[in-house]
Number of protein chains: 2
Amino acid sequence: MKPDHFEVTSACSAVHHILARVGDKWTVLVVSYLGNRSMRFNELKRAINGISQKMLTSTLRSLERDGFVTRTVYPTIPPRVDYELTDLGRDLLVPVRGLGDWAIKNEQRVSEARARFDAAHGNAEVQPGFADAAE
Amino acid sequence: MKPDHFEVTSACSAVHHILARVGDKWTVLVVSYLGNRSMRFNELKRAINGISQKMLTSTLRSLERDGFVTRTVYPTIPPRVDYELTDLGRDLLVPVRGLGDWAIKNEQRVSEARARFDAAHGNAEVQPGFADAAE
DNA sequence: CTGTATCCAGTCAGATACTG
DNA sequence: CAGTATCTGACTGGATACAG
């Protein structure tokens with residue numbers, strides 16, 4: 001993690017850390033799947049069709065380091081590793097889902113705002129993945 | 001944002017969009033300052049000591065595009081531009097603060113988990129104070 | 001199966017210079 | 001004052017190869 005160039009309070013950096021983790025490309029997806037039940041590495045990888053091994057590993061490691069998931073290794077042949085949300089991880093899911101619900105409820109308002117902005121600025125270019133709800 | 005390799009619902013992409021915006025390095029800081037009152041460009045820049053002009057501009061533009069802030073230009077000499085949160089922006093502040101409160105409340109638990117993880121993995125570059133009492 | 005190591009292309013953020 | 005343009009180093013994420 002990069003050091004901040006400016007003075008930050010510990011509350012501020014705590015907030016920023018959580019926000020950055022949650023805003024991460026794969027974190028929420030991983031945590032959401034794990035919110036239902038514990039899963040194995042490749043099971044997770046197949047579920048999140050599109051994540052690379054590297055990214056899944058590093059996402060899982062970060063989550064483990066911050067105490068959001070546990071990693072349980074069964075030294076069998078072939079090896080088996082289970083990932084599961086901790087209490088802290090399940091706890092985190094609450095405010096994250098709050099934000100998620102907000103996003104779903106306000107999706108329309110945001111895409112309308114974007115359509116308005118783009119029209120006003122003559123930019124007809126559409127960002128993939130989020131412009132389909134515009135109307 | 002890149003096109004998704006996997007099937008996504010529009011709800012999923014809406015959530016991801018909001019999460020990515022909020023997880024952005026400067027967004028929350030800017031929105032927080034604007035949560036108190038409207039501010040001018042350089043005022044904001046001085047307040048967030050460390051942000052570059054470029055990043056402030058692009059953060060503000062994204063926020064404006066998504067309908068979270070308004071940009072008001074007074075064609076005076078010297079020019080003056082006020083930024084202010086919209087209703088949508090103030091609305092967004094609610095779940096974001098929920099997550100922020102969570103981060104502050106659970107800061108200790110997260111840093112304890114990190115200390116534990118780093119200790120277990122031989123990375124001794126952690127802050128002294130509350131060492132692991134477990135085991 | 002579950003990773004680690006390496007390489008590489010694309011993107012991001014900061015510094016700097018310039019404009020209205 | 002409030003930006004825009006450009007260059008560049010740093011970081012990110014993906015693909016591939018390899019190891020326990």
Side-chain angles (χ1 to χ4, degrees), chain A residues 1-6 16 19-30 34 38-65 69-84 121-123 125 127-129, chain B residues 1-6 16 19-30 33-34 38-65 69-84 117 121-123:
Chain A
M1 203 134 311
K2 284 176 293 191
D4 294 303
H5 303 359
F6 50 93
H16 183 258
L19 254 21
R21 171 130 290 38
V22 157
D24 194 55
K25 189 171 181 181
W26 304 107
T27 296
V28 169
L29 227 32
V30 170
L34 255 24
S38 76
M39 289 175 84
R40 297 179 57 174
F41 186 87
N42 267 2
E43 196 178 4
L44 223 28
K45 188 170 184 305
R46 274 191 304 272
I48 310 175
N49 187 15
I51 193 172
S52 66
Q53 210 167 38
K54 179 186 175 181
M55 284 293 96
L56 182 54
T57 300
S58 78
T59 300
L60 250 12
R61 278 287 178 289
S62 299
L63 252 17
E64 190 195 355
R65 182 161 117 104
V69 311
T70 55
R71 178 173 180 270
T72 309
V73 181
Y74 300 96
T76 56
I77 303 286
R80 171 198 177 123
V81 181
D82 271 20
Y83 290 93
E84 188 176 9
H121 291 249
N123 294 335
E125 43 179 310
Q127 304 298 320
Chain B
M1 210 154 297
K2 281 178 288 194
D4 296 301
H5 305 353
F6 49 95
H16 183 258
L19 253 21
R21 170 129 319 341
V22 156
D24 195 55
K25 189 172 182 181
W26 303 107
T27 296
V28 168
L29 227 31
V30 170
Y33 275 106
L34 256 25
S38 75
M39 290 174 83
R40 299 178 56 174
F41 185 86
N42 269 359
E43 196 178 5
L44 223 29
K45 187 171 185 305
R46 275 190 303 274
I48 310 176
N49 187 17
I51 194 172
S52 65
Q53 210 167 38
K54 179 186 174 181
M55 287 324 301
L56 182 55
T57 300
S58 79
T59 300
L60 251 12
R61 278 288 178 291
S62 299
L63 252 16
E64 189 196 355
R65 180 167 190 254
V69 310
T70 55
R71 177 172 181 270
T72 310
V73 181
Y74 300 96
T76 56
I77 304 282
R80 170 196 177 124
V81 181
D82 272 17
Y83 290 94
E84 188 176 8
F117 182 92
H121 290 249
N123 298 334

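Chain A is the first sequence line, chain B the second, and so forth, proteins listed ahead of strands; every chain is numbered from 1.
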K.L.:
Could you check if a side-chain atom of B:Leu19 sits within less than 4.5 angstrom of a side-chain atom of A:Thr27, using non-hydrogen atoms only?
P.N.:
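No - every pair of side-chain heavy atoms lies 4.5 Å or more apart.
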
K.L.:
Within the 4.5 Å heavy-atom criterion, are B:Thr72 and B:Val81 side-chain neighbours or not?
P.N.:
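The answer is no; the side chains never approach within 4.5 Å.
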
K.L.:
Take the protein atom CG of B:Leu44 and the nucleotide atom P of D:dC1, then report the distance between them rounded to whole Å.
P.N.:
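Rounding to the nearest Å, CG of B:Leu44 and P of D:dC1 are 14 Å apart.
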
K.L.:
B:Ile77 has an atom CD1; how far is it from atom P of D:dG3, in whole Å?
P.N.:
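Nearest whole value for this atom pair: 14 Å.
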
K.L.:
To the nearest angstrom, how far is B:Leu29 atom CG from C:dA13 atom P?
P.N.:
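Atom-to-atom, B:Leu29 to C:dA13, this comes out as 14 Å.
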
K.L.:
Whole-Å distance between D:dA2 P and B:Met39 CE?
P.N.:
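That distance rounds to 11 Å.
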
K.L.:
For A:Ile51 and D:dT12, what is the distance between atoms CD1 and C1' respectively, to the nearest whole Å?
P.N.:
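Rounded to whole Å, this separation is 13 Å.
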
K.L.:
Determine the minimum heavy-atom distance between B:Trp26 and B:Ile51, stating which atoms define it.
P.N.:
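Closest pair (atom of B:Trp26, atom of B:Ile51, distance): CG-CD1, 3.6 Å.
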
K.L.:
Treat primed atoms plus P, OP1 and OP2 as sugar-phosphate and everything else as base, then score nucleotides 2-8 of chain C 5' to 3': B for base contact with protein heavy atoms under 4.0 Å, S for sugar-phosphate contact only, - for none.
P.N.:
BBB-BB-

K.L.:
Any pair with a residue in residues 50-59 of chain B that passes side-chain hydrogen bond (donor to acceptor under 3.5 Å, both in side chains), sequence neighbours left out, goes on the list, sorted by first then second residue, please.
P.N.:
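Output for this query is empty, none listed.
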
K.L.:
Looking at A:Val69 and A:Leu60, what are the two nearest heavy atoms and their distance?
P.N.:
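Taking A:Val69 first and A:Leu60 second, the nearest heavy atoms are CG2-O, 4.0 Å.
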
K.L.:
Looking only at non-hydrogen atoms, find the nearest pair between B:Leu29 and B:Ile48 and report the distance.
P.N.:
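Looking at all heavy atoms of both residues, the closest pair is CD2-CG2, 3.9 Å.
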
K.L.:
Could you give the angle between the helix axes at the two ends of the helix from C:dC1-D:dG20 to C:dG20-D:dC1, with five pairs per end, rounded to 10 degrees?
P.N.:
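Angle reported: 40°, given to the nearest ten degrees.
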
K.L.:
My understanding is that only residues two or more places apart in sequence, or in another chain, count here; which of them pass side-chain hydrogen bond (donor to acceptor under 3.5 Å, both in side chains) with B:Arg71?
P.N.:
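B:Arg71 satisfies side-chain hydrogen bond (donor to acceptor under 3.5 Å, both in side chains) with B:Tyr83 only.
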
K.L.:
Can you see if the side chain of B:Trp26 gets near the phosphate of C:dG14 - specifically, an N or O under 4.0 Å from OP1 or OP2?
P.N.:
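So the side-chain polar atoms of B:Trp26 do come within 4.0 Å of the phosphate oxygens OP1 or OP2 of C:dG14, strictly under.
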
K.L.:
In whole Å, what is the span from the NZ atom of A:Lys45 to the C1' atom of D:dG13?
P.N.:
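Interatomic distance, NZ of A:Lys45 to C1' of D:dG13: 13 Å.
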
K.L.:
Over how many whole Å does the gap from A:Lys25 atom NZ to D:dC11 atom C1' extend?
P.N.:
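In whole Å, D:dC11 C1' lies 14 Å from A:Lys25 NZ.
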
K.L.:
State which residues pass side chain to side chain contact (heavy atoms under 4.5 Å, CB included) with A:Glu43; sequence neighbours excluded, sorted by chain then number.
P.N.:
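Once residues adjacent in sequence are excluded, the partners of A:Glu43 under the side chain to side chain contact (heavy atoms under 4.5 Å, CB included) criterion are A:Arg37, A:Met39, A:Arg40, A:Arg46.
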
K.L.:
Expressed in angstrom and rounded to an integer, what is the separation of B:Met55 atom CE from D:dA2 atom P?
P.N.:
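It is 19 Å, rounded to the nearest whole Å.
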
K.L.:
Could you work out, with side chain to side chain contact (heavy atoms under 4.5 Å, CB included) as the rule, every residue matching B:Ser38, not counting sequence neighbours?
P.N.:
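For B:Ser38 the side chain to side chain contact (heavy atoms under 4.5 Å, CB included) partners, ignoring immediate neighbours, are B:Asp82, B:Glu84.
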
